[in-house]
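Throughout, protein chains are lettered first and strands after them, A, B, ... in sequence-line order, and every chain is numbered starting at 1. Because only heavy atoms are used, hydrogens play no part in the values below, and waters and symmetry mates are left out as well, while side chains stay in. Note that the structure is a prediction, hence the values are computed from the model and not measured.
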Amino acid sequence: MDYNFNSIEQKWQRYWAENKTFSVKEDASKPKYYVLDMFPYPSGAGLHVGHPLGYIASDIYSRYKRLKGFNVLHPMGYDAFGLPAEQYAIQTGQHPKITTEENIARYRRQLDRIGFSFDWEREVKTCEPSYYKWTQWAFLKMFGSWYNNTTDMAEPISELLLEFEKNGNLKVNAACTETAPFTAEQWQGFNEQQKSAILMNYRLAYLGETSVNWCPELGTVLANDEVKEGFSVRGGHPVEQKKMKQWLLRVSAYAGRLLDDLEKLNWSDALKEMQRNWIGRSYGAQMIFKVVNPEPADGSKFDKEYNIEIFTTRADTVFGVTFMVLAPESEWVEKLTTEGQQEAVKEYLNYVKKKTERERIAQTHNVTGVFTGSYALNPFTQERVPVWISEYVLSGYGTGAIMAVPAHDSRDYAFAKKFNLEIRPLIEGCDVSEESFDAKEGVMINSGFLTGYTVKEAIPMAIEEVEKRAIGHRKVNYRLRDAIFSRQRYWGEPFPIYYKDGIPTPLELTQLPLELPEIESYKPTEQGEPPLARAKNWSYNGYSYETSTMPGFAGSSAYYLRYMDPHNNECLVSKDANHYWRNVDLYVGGTEHATGHLIYSRFWNKFLFDLGYVAEKEPFKKLINQGMIQGRSNFVYRVKNTNTFVSCGLKEKYDTTEIHVDVNMVYNDRLDIEAFKKWRPEFENAEFVLEDGEYICGWAIEKMSKSMFNVVNPDNICESYGADTLRLYEMFLGPVEMSKPWDTKGIDGVHRFLKKFWRLFFGGGEGTGEFALSEDEPTAEELKILHKLINKVDTDIENFSFNTSVSAFMVAVNELGALKCNKRRVLEPIVILLSPFAPHICEELWQMIGHSESVSFATFPIYHEKFTVEDTVEYPVSFNGKTRFKITLPKDMGKGDMEKAVLATPEAAKYLQGNAVKKIVIVPGRIINIVM
RNA sequence: GCGGGUAUGGCGUAAUUGGUAGCCGCGCCAGACUUAGGAUCUGGUGGAGCAAUCCGUGGGGGUUCGAGUCCCUUUACCCGCACCA
């Protein structure tokens, strides 16, 4: 009987669906295990062979854990809000919901064909009101919370209100937007608008006027992780900075915890490092520099005293400050610009404003700046230093102002050189004539009380002195900024907020979900308002709703929680379900979410943890980043101005143009000429110059995409080889974490393995006869093969090393084939072992063996060492590290006896040639080395 | 510029974690069945040499009886961040 994978796979996919084989419920009698894939955005292009790589790996792991007796939660869903569907809607007028539903249906068909063990009853789609109700709910919870730095957690804003009424904000230690101090009396005197504005400074989801990444092409703002090198990640359109009022999430409040808790996670070092850099913690001091009146004669501007506050990690270098620099956007700029410098500063600010983000990046080391006319006093030396403005100081980091120490900071150095400012070295023996000395090492000079100390000693001493003199304080700074949370788009979650007399007011929780209204066109309005402004009769008792929608990461931030209890209409996830499933044990997905989704999700989870809604501090315990599968493109070579194509090996002899050719018409780099002629009308009469009667195509590794004609569709692979072969082959290609090009060539080897395996059940590798298993006792040799395999597969799966497991299966099947072994007691356990990798064929064989239940309910076989351990060991014998001969010795022989046995051999005498033995190194079970 | 990673046959990779380098597969070579089919099966396949043997894990150095594995140094490629004070 032949291995008919098509009918087998259809049969079992139907069986799993009908019997709901993979449906799970909370079950206190079993340990839980939660395996999650990053859910896909259902794009119009469908799946290519690269997409399922991670899904296959996680599916193998899920099935394996099930065999090991775990209650496995393994769900799947769709990140269904997003730009492409909306762009399509703008062009065609078709509702994005329709496009999205069509794409989801296609994804589902493709996924089903690969035989995943998802519990589809738990499917979520972020665009459904029953789902985004809980996205909106979380937003309202954030709106209603503030971050208490003293308790280091989020707390309800109602408690903050009580405190305001009692003591004002004087005792409040919050992560908030800078707010002027006020007393209880003052608070009570504020009107509604004022109160609302102040509270906004404290809320975790807040409306703020900030400089945002504005993408004119897309007509929306973008978060920092959605912008790369001045272009939008989606679409690649230019992005500029713009001041706008936007909703933000106070992610920065959690920066410290997001960084510290990273330690406990079982993620790759690379990914953790990426998050560390993104959060960017630096320890230092905040310090005040007094501004002194430079021009007393016309100094009406300076009737007030100003303090410039700066942040530095190098407080030890304060004696080397020779000037100060403000960011162009700094609020001090206006205050400190003197009469005489008005024109120059204005001109400079204009110049900066005109530059786009892209230009600033391109001209990174272009030194520009202007003098304000003002001077500040060095708090340690009382020296007067000039205050400058320059774009190299960023308004978004620290205080937007710096003390410049050109001798020990390369940027300050470049600035000082350009504008001829003093460079004062502070470290013994350093040479600053050519470049600055940035390293934190050496002994301080010219530094008052710090002179003579090393840099390492001086930094904490300087900070201490700053605090003692009350001119500043210790400070930890983060690079992580609050996440911009509104998008001027249609296809996203509406904000459950309306504006009552200009005051942003939340809907009641019971009024959720606030559904996305129907509109006639998906474009922004003529006035440049978001598309939702077009909605008719869409208001709350006449008060207009917020017209922005939430960004893509809103829906994906808590979906792993929703899977635990997807149909609950009362809460995001019930306490029971959450306390059973807790968090994700294994999360599989790409690295591209390192600084986006994976930060937001952790933040979101921590916030819900603070409020007591979830049991765990971290959402994803272990994370595996699957590599990308690249495409392997094929080329044909057309001789210029002709319709003649030359084979790759001959192309140097002609003047040719390289043309991408659809890889589906190429086999082992050999072109199917007939298919090629039919591919495009212009090639119908093409002529060919062949090599050995064949047309050989050129090739290159490129991104897998439609335009390169190198997309390999998993459906086609399933059609011609079967899903089990596809699954095995994707794993066999190499470690899951590694990026690699797809090459269909090698797939035959894996397919052959399955056929060989199948044949074992039909006459022990011999024939194609009837199903025939023997009940005979297995021999020691056969048991050894089996138990070696059990051990190997078990440890390999635990280590996520699937490629080596597949190799181990191949070895075992080859060996059993050579022995013509068709014994049930050997083959039955192997069916179980292989079932996570190739579930369809294993289900079929399992049934043929005589089991009535799915192999998914089998138990993983137990490894017995006694079946694999030999009584004798063959040792390679080396002389001074060079292997010379082999000797077989009993396994339990003592080291002394082994030495004697080795030295007694004629070979030993030959290689020793009378030399004295200095020492014999014996590694039991491994090697014997004789040192002469 | 800073940070992280990788480097092994013609190719994808493996190596019980410091112990016989090259498992498994592709490709290639030979053979079998058939007869020119991108089928199947068997055997061979790191390099040099008739051979014993020698050489081999990007390059150079080191530790060790022994290094693909550990340390130093250097080169190439990949990824992330990038005026972060």
Side-chain angles (χ1 to χ4, degrees), chain A residues 228-229 268-278 280-282 284 310-314 317 325 327 360-361 363-367 390-394 396-405 408-412 414-415 438 477-481 591-592 594-595 628 666-670 672 694 728-729 732-735 737-741 743-750 752-753 755-756 768 791-792 795 801 803-811 814 817-818 874-886 918-932:
Chain A
K228 209 162 240 183
E229 287 164 10
S268 73
D269 291 337
L271 197 81
K272 285 201 220 175
E273 197 56 31
M274 248 189 252
Q275 288 214 343
R276 277 188 209 112
N277 291 339
W278 188 260
R281 174 155 59 194
S282 40
I310 58 95
F311 173 75
T312 180
T313 54
R314 293 294 301 275
T317 61
V325 190
R360 282 185 75 158
I361 286 163
Q363 308 167 2
T364 291
H365 291 287
N366 202 357
V367 183
S390 174
E391 57 180 331
Y392 85 85
V393 175
L394 307 172
Y397 185 78
T399 60
I402 62 155
M403 64 177 213
V405 186
H408 302 290
D409 183 288
S410 53
R411 297 152 302 181
D412 298 345
F415 196 83
D438 291 17
N477 230 319
Y478 294 95
R479 203 191 76 112
L480 184 73
R481 302 225 248 142
T591 349
E592 65 272 20
T595 52
M628 291 249 287
V666 180
Y667 189 91
N668 278 356
D669 289 337
R670 283 160 185 83
D672 180 338
E694 282 176 324
L728 280 168
Y729 185 57
F732 183 71
L733 234 35
E737 297 91 332
M738 209 176 268
S739 285
K740 56 231 152 190
D743 188 350
T744 310
K745 253 196 305 198
I747 202 166
D748 289 308
V750 170
R752 218 167 282 149
F753 153 73
K755 284 199 274 190
K756 283 185 200 166
T768 49
N791 187 32
K792 177 80 177 149
T795 52
S801 175
N803 55 329
T804 52
S805 323
V806 178
S807 297
F809 279 115
M810 290 178 172
V811 173
N814 282 342
E874 189 184 54
Y875 284 92
V877 180
S878 307
F879 290 81
N880 287 345
K882 297 222 171 193
T883 307
R884 295 301 183 181
F885 66 96
K886 286 173 187 172
K918 267 192 204 150
K919 153 166 132 180
I920 299 187
V921 183
I922 298 179
V923 182
R926 304 294 291 150
I927 195 166
I928 297 170
N929 188 23
I930 297 167
V931 186
M932 300 188 288

**Student:** Applying side-chain contact (heavy atoms from CB on, under 4.5 Å), can you list everything that pairs with A/Ser739, at least two apart in sequence or on another chain?
**Tutor:** A/Met628, A/Gln630

**Student:** Can you tell me the distance, in whole Å, between the CD1 atom of A/Ile920 and the C1' atom of B/G19?
**Tutor:**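 Value for this atom pair: 16 Å.
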
**Student:** Considering residues at least two apart in sequence or located in another chain, which fulfil the salt bridge (Lys or Arg N to Asp or Glu O under 4.0 Å) criterion with A/Arg479?
**Tutor:** none

**Student:** Holding to salt bridge (Lys or Arg N to Asp or Glu O under 4.0 Å), I want the full list of residues that pass it with A/Glu273, two or more places apart in sequence or in another chain.
**Tutor:** A/Arg276

**Student:** In chain order, what residues pass the side-chain contact (heavy atoms from CB on, under 4.5 Å) check against A/Lys755, with sequence neighbours excluded?
**Tutor:** A/Tyr3, A/His751, A/Arg759

**Student:** Suppose you measure atom P in B/A67 against the same atom in B/G19; what distance do you get, rounded to whole Å?
**Tutor:** 11 Å

**Student:** If you only use heavy atoms from C-beta on, which nucleotide in B/C54, B/C24, B/A82 is closest to the side chain of A/Arg479?
**Tutor:**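 Of the candidates, B/A82 comes closest.
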
**Student:** Restricting to nitrogen or oxygen on both sides, can you table the protein-nucleotides 39-44 of chain B pairs closer than 3.5 Å?
**Tutor:**
| unit_1 | atom_1 | unit_2 | atom_2 | d |
| --- | --- | --- | --- | --- |
| B/C41 | OP1 | A/Arg759 | NH2 | 3.4 |

**Student:** If you compare every side-chain N and O of A/Asn803 against the phosphate oxygens of B/A14 (OP1, OP2), does one of them come in below 4.0 Å?
**Tutor:**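 Yes, such a contact exists.
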
**Student:** Compute whether any side-chain donor of one residue and acceptor of the other, for A/Thr804 and A/Ser807, lie under 3.5 angstrom apart.
**Tutor:** no

**Student:** For nucleotides B/C77 and B/G58, find the distance between their C1' atoms and express it as a whole number of Å.
**Tutor:** 11 Å

**Student:** Under the rule for salt bridge (Lys or Arg N to Asp or Glu O under 4.0 Å), what residues qualify as partners of A/Asp743, not counting sequence neighbours?
**Tutor:** A/Arg632

**Student:** Mind checking what makes ring-ring contact (aromatic ring centres under 6.0 Å, His included) contact with A/Phe879, not counting sequence neighbours?
**Tutor:**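 Counting only residues at least two positions away or on another chain, A/Phe879 forms a ring-ring contact (aromatic ring centres under 6.0 Å, His included) with A/Tyr911.
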
**Student:** Quick one: list whatever passes ring-ring contact (aromatic ring centres under 6.0 Å, His included) with A/Phe809, sequence neighbours left out.
**Tutor:** A/Phe837

**Student:** Between the protein and nucleotides 61-68 of chain B, are there any N/O to N/O pairs under 3.5 Å, and if so, what are the atom names and distances?
**Tutor:**
| unit_1 | atom_1 | unit_2 | atom_2 | d |
| --- | --- | --- | --- | --- |
| B/C65 | O2' | A/Asn929 | ND2 | 3.4 |
| B/C65 | O2 | A/Asn929 | ND2 | 2.1 |

**Student:** Only counting residues at least two apart or in another chain, list the ones meeting ring-ring contact (aromatic ring centres under 6.0 Å, His included) with A/Tyr729.
**Tutor:** A/Trp742

**Student:** Between the protein and nucleotides 3-12 of chain B, which nitrogen or oxygen pairs come in under 3.5 angstrom?
**Tutor:**
| unit_1 | atom_1 | unit_2 | atom_2 | d |
| --- | --- | --- | --- | --- |
| B/G12 | O2' | A/Leu733 | O | 2.7 |

**Student:** Ignoring backbone atoms, test whether A/Ser282 places a side-chain nitrogen or oxygen under 4.0 Å from the OP1 or OP2 oxygen of B/A85.
**Tutor:** yes

**Student:** Please state how far atom CG in A/Leu394 lies from atom P in B/C83, giving the value in whole angstrom units.
**Tutor:**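 Whole-Å distance recorded here is 6 Å.
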
**Student:** Where the side chain of A/Thr804 is concerned, which of B/C24, B/A15, B/C83 is the nearest nucleotide?
**Tutor:** B/A15

**Student:** Distance check needed: B/C79 C1' versus A/Arg276 CZ, whole Å only.
**Tutor:** 17 Å

**Student:** Just to verify, what does A/Arg481 make a salt bridge (Lys or Arg N to Asp or Glu O under 4.0 Å) with, not counting sequence neighbours?
**Tutor:**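 A/Arg481: no salt bridge (Lys or Arg N to Asp or Glu O under 4.0 Å) contacts found.
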
